[in-house]
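These notes concern the structure reproduced below.
Numbered from 1 within each chain, the chains take letters A, B, ... in sequence-line order.
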Amino acid sequence: MLDKTYSPKQFEQEIYQNTIDEFSPSNSCNKSFSILMPPPNVTGSLHLGHALNCTIQDILVRYHRQNNANVLWQPGMDHAGIATQMVVTRELEAAGIDAKSLTREELISKIWEWKNKSGNLIFDQQKALGCSASWELSRFTMDENFQKAVVEAFVALYKDGLIFRAKRLVNWDTKLKTAISDLEIQNKEEKGILWHIKYKIADSEEFVTIATTRPETMFGDSAIAVHPDDGRYKKLVGKIAIIPYVNREIPIIADGYVDMEKGTGCLKVTPAHHFNDFAIGKRHNLEMITVVDQNGHTTSDYVPEFVNGLYVKKARKLLVEKLKEDGILVKEEEIVHSVPYGDRSDTVIEPLLTDQWFVDAKAMAKDAIKVVEDGEIKFYPEKWKNTYFEWMRNIEPWCVSRQIAWGHQIPAWFGPNGEIFVERTEEEAAAEAAKLGIAKEKLRRETDVLDTWFSSALWPFATLGWPGKTDRLQKFYPTSVLVTGFDILFFWVARMIMASLHFMKKIPFKDVYIHALVRDEHGQKMSKSKGNVINPLELMEEYGADALRFTLAFLSVPGRDVKLGKEHVKISRNFITKIWNAARFLQSKEVPFDKKLTDIQVKGKLNRWIVAKLKKFQDEISQNIKEYRFDYATRNIQFFIRDIFCDFFIEAMKFQDDQETKSVAGAVFAEFLRIVNPFIPFVTDYLAKSLGICDTFILAAPVNIEDAEPSIEKEVDEFVELIHAIRSEKQASEGQSSEYASLLERLNNWSGELKNIAGIIRQ
RNA sequence: GGUCGCAUAACUCAGUUGGUAGAGUAUCGCGUUCACAUCGCGGAAGUCGCAGGUUCGAGUCCUGCUGCGACCACCA
């Protein structure tokens, strides 16, 4: 007999183990269904975002397994270059080891050590949630085969002219001492000061006043720019301005980029330290003068002694004081402006001129835009298409080199005179070098590694064995659907589409289901500093994994944030308890569970009615899953079991418990459990076992249900309505009104068998 | 500044080609009758952000406005 209380912790583990062998694809030649799991960071532990992401994927794969598909849910882990190196560096520091004192090789081996020790945490947590991923096919973006794929891809892109090396202005993180991509920047609104500084005009007593928030870069100025139509400054164009203290002469030029409204209308142009100035510099062929180094210090012969060699903020402070003293500072204006920060280091990003590797994203974006335009790849919800286009149509070269140790080392070798050899191996590079008369010993391997997202972009095919031509690629590529959050639409989704089209000549997935961020119950972003983080593991501990899954599915309304509070999960747990108790009732009635609906002659009206409702329910859930409306599905589940099955059918059973009704009850409930299994696998499998329905629903195919006669469904629906009306009127009039009497009379005159269950009104 | 969303009961949200506004929670009343108080039955609760327009008819379509949010751009 089932326990009186529903206590999920007692059986979840056991149920999971019971089905674990079915998670991998079979060798059958059924239609394939495949999903790539977005690989969590190796440093990650399960948060609610993962839980939502995994729940949705698990519902899909479990549903398709039941529906006779050969299912692959490809799991894996991302090496998360910068994030992981930071975590391990911090741990080493805590242990008294200065990471900077280690050689590159030593640091890398320390990171591997760490990975092997604590890198698999999240997998266990995903298992606790019930994820039925194909675990033994799991991949890591730094494992040997994946490294091969990355080298192959990099070399191919280089030879196709889609990767190039160039000296360009990049976002430089002065704390991590590496370049990062545009996407890894978070702009923050800050209060700042706009300093108005006057530069003397050569051969005159006049001055030109510029406005800047970064005076310390003035020594890197190459020009002062004004708008060509700006009447105030027209006469200055062509003249020469003199940078204070260093007395370097720079031209005053006209450029349409300048905004007459902003600042003084005169813009200091510092091409080596500002992206827009860089563009102006290119247009006017200006000198690029670097005055800030990779540590964020002012360091240059161009910088006067008194502010040289200082951290930029310090230099700025001293310089402003001096400018004030000397009467060169004309005005200080408080402003609010946005300042770029590195998303990992949380430190101000310095635009720096450095040699880096770039992917020509613009060229690769073309096809990637087209497949979405043509509907080959569909976004759910569709609106994300616009965001995707917006970004893809304005895409810039992607800086993929990182000056850190942990990651895929770029397969490039430099000759003594800057020759570049991009090859798969050192031998191949040496062979190419030899053709130019360069000895192998003279080659120097590039130490930069690739942006983590470069390897992630290969995920759809590298996980399946590319560059080999494997069975799994054949069977599972393109994958069926990608389930992910909008926060990595550009980082990951767009780049996978670009890479896949280039290497596979085929789209990587047909559908992209984009879910929202999980926020707290008030709609606030969960963050440690706010202290509103809800740990999914605690929720599972308290209410069970099924309750959490059901809640997440319930709240996953397309295009809306998922606002999750503990209360929701409790409500779901209570709902699951309802299913539990229904099972207990059926068990106490000794309802048989060994017969399927197809084996039963269903004659009674009540019974045909419940079968019709089940059929409708079965169809609806299939439709909901097809349309990725997990929110509808959970609402339908609640409606069927609560309003239809428990509140009416079970109550009616208390007045009609002949053998046919019992058999129907057992068969309907069994099929209900099967349908709901993908959503709440633990409790449904446990009930299936306990009631003797089957060992597990994991591969249980849908029962074929015949359509019911509409007349019967309609009659019982009307009967149900009458019951509700009677209860309501009884309550309102305390059973005294004539309306109540006439409703009762209608019930008494109801012809046929339904009259027998009239006692249900007392409920 | 550009783009895209969102606004429905006290709260969280549904409302799928326009046709009498729905659910859960909270609240109020009744209830422990052989599944279930982690519950049941019943009730109350909404000028569908505001203003126009199209239509026989608008929560739904169009325009404008207000408020909120996200993303992109921007360290004059």
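The phosphate of B:rA76 has neither OP1 nor OP2 within less than 4.0 Å of any side-chain N or O from A:T264. In terms of phosphate contacts, A:K4 brings no side-chain nitrogen or oxygen within less than 4.0 Å of OP1 or OP2 of B:rA35. Applying the 4.0 Å criterion to OP1 and OP2 of B:rC4, one finds that A:K385 has every side-chain N and O outside that range. Put simply, A:N276 has no side-chain N or O that comes within less than 4.0 Å of OP1 or OP2 on B:rC74.
Side-chain proximity of A:I650 to the nucleotides B:rA76, B:rC41, B:rA35 is greatest for B:rA35. The side chain of A:N574 approaches B:rU38 more closely than any other nucleotide in the set B:rU38, B:rC74, B:rG24.
One donor-acceptor pair, N or O on each side, does fall under 3.5 Å between the base of B:rC36 and the side chain of A:K578. For A:E651 against B:rA35, a side-chain N or O and a base N or O form a donor-acceptor pair under 3.5 Å. On a pure distance criterion of 3.5 Å, a polar donor-acceptor pair joins the side chain of A:S338 and the base of B:rC74.
Taking the ring axis of A:F554 as reference, the NZ or CZ atom of A:R635 stays within 45° of it and closer than 6.0 Å to the ring centre. Geometric assessment of A:K188 against the ring of A:Y341 yields a positive cation-pi assignment under the 6.0 Å and 45° thresholds. Seen from the ring of A:F389, A:R393 counts as a face-on cation partner, given the 6.0 Å and 45° thresholds. Because its NZ or CZ atom is not both nearer than 6.0 Å to the ring centre of A:F649 and within 45° of the ring axis, A:K613 does not count as a cation-pi partner of that residue.
A:I197 places none of its side-chain heavy atoms less than 4.5 Å from the side chain of A:V330. Side-chain atoms of A:F669 and A:L673, non-hydrogen and from C-beta on, do get closer than 4.5 Å to each other. A:Q731 is not listed as a side-chain neighbour of A:R727, based on a closest heavy-atom distance of 4.5 Å or more.
For A:E382, the CD atom counts as loosely surrounded, since its 6.0 Å shell holds 12 or fewer non-hydrogen atoms of other residues, nucleotides or ligands. A 6.0 Å sphere centred on NZ of A:K9 holds more than 12 heavy atoms belonging to other residues, nucleotides or ligands. When the shell of 6.0 Å around NZ of A:K570 is examined, it contains 12 or fewer heavy atoms from other residues, nucleotides or ligands. Other residues, nucleotides and ligands place more than 12 heavy atoms under 6.0 Å from the NZ atom of A:K362.
Rounded to whole Å, the P atom of B:rC30 lies 47 Å from the corresponding atom of B:rG67. Nucleotides B:rC36 and B:rC41, compared at atom P, are 14 Å apart to the nearest Å. Rounded to whole Å, the P atom of B:rG40 lies 10 Å from the corresponding atom of B:rG24. A gap of 12 Å separates the C1' atoms of B:rC11 and B:rU27, to the nearest Å. Atom name P, nucleotides B:rA7 and B:rA14: the rounded distance is 7 Å, in whole Å. The separation of B:rG5 from B:rA51, taken at their P atoms, amounts to 24 Å, rounded to a whole angstrom. Taking the C1' atoms as reference points, B:rC50 lies 15 Å from B:rC68, given to the whole Å. Using atom P as the reference point in both B:rG52 and B:rA58, the two lie 14 Å apart (nearest Å).
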- Contact pattern, 5' to 3', of nucleotides 6-22 of chain B - B, S or - by protein heavy atom under 4.0 Å: SS----SSSSB------
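Contacts of A:I349 with the nucleic acid, taken as non-hydrogen atoms under 4.0 Å apart, include base atoms. Among the heavy atoms of the strands, none lies under 4.0 Å from A:L2. Here A:R393 lies out of heavy-atom contact (under 4.0 Å) with every strand. When heavy atoms are screened at a 4.0 angstrom cut-off, A:C266 is found touching no nucleic acid atom at all. Among the heavy atoms of the strands lying under 4.0 Å from A:Y257 is at least one base atom, whether or not backbone atoms are also near. Among the atoms of the strands shown, base atoms are found under 4.0 Å from some heavy atom of A:L267. Residue contacts for A:H724: at a heavy-atom cut-off of 4.0 Å it reaches the sugar-phosphate backbone alone, with no base atom in range.
Between the CZ atom of A:F490 and the P atom of B:rA70 there is a distance of 15 Å, rounded to whole Å. As rounded to whole Å, 11 Å separates atom P of B:rA70 from atom CD of A:Q186. Separating the CZ atom of A:F575 from the P atom of B:rU25 is a distance of 12 Å, rounded to the nearest angstrom. Rounded to whole Å, the distance from CD on A:E734 to P on B:rG31 is 11 Å. Atom CZ in A:R573 sits about 12 Å away from atom P in B:rA37, given to the nearest Å. Rounded to whole angstrom, the span from the NZ atom of A:K654 across to the C1' atom of B:rC36 amounts to 9 Å. Atom CD of A:E390 and atom P of B:rA70 are 18 Å apart (whole Å).
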- Query: Starting at the 5' end of RNA chain B, what dot-bracket string do you get if Watson-Crick and G-U pairs under 3.5 Å are bracketed, crossing pairs use [ ], other-strand pairs use | and unpaired bases use dots?
  - Reply: (((((((..((((.....[..)))).(((((.......))))).....(((((..]....))))))))))))....
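For the atom pair CG of A:L236 and CD1 of A:I252, the computed distance is 5.0 Å after rounding to the nearest 0.5 Å.
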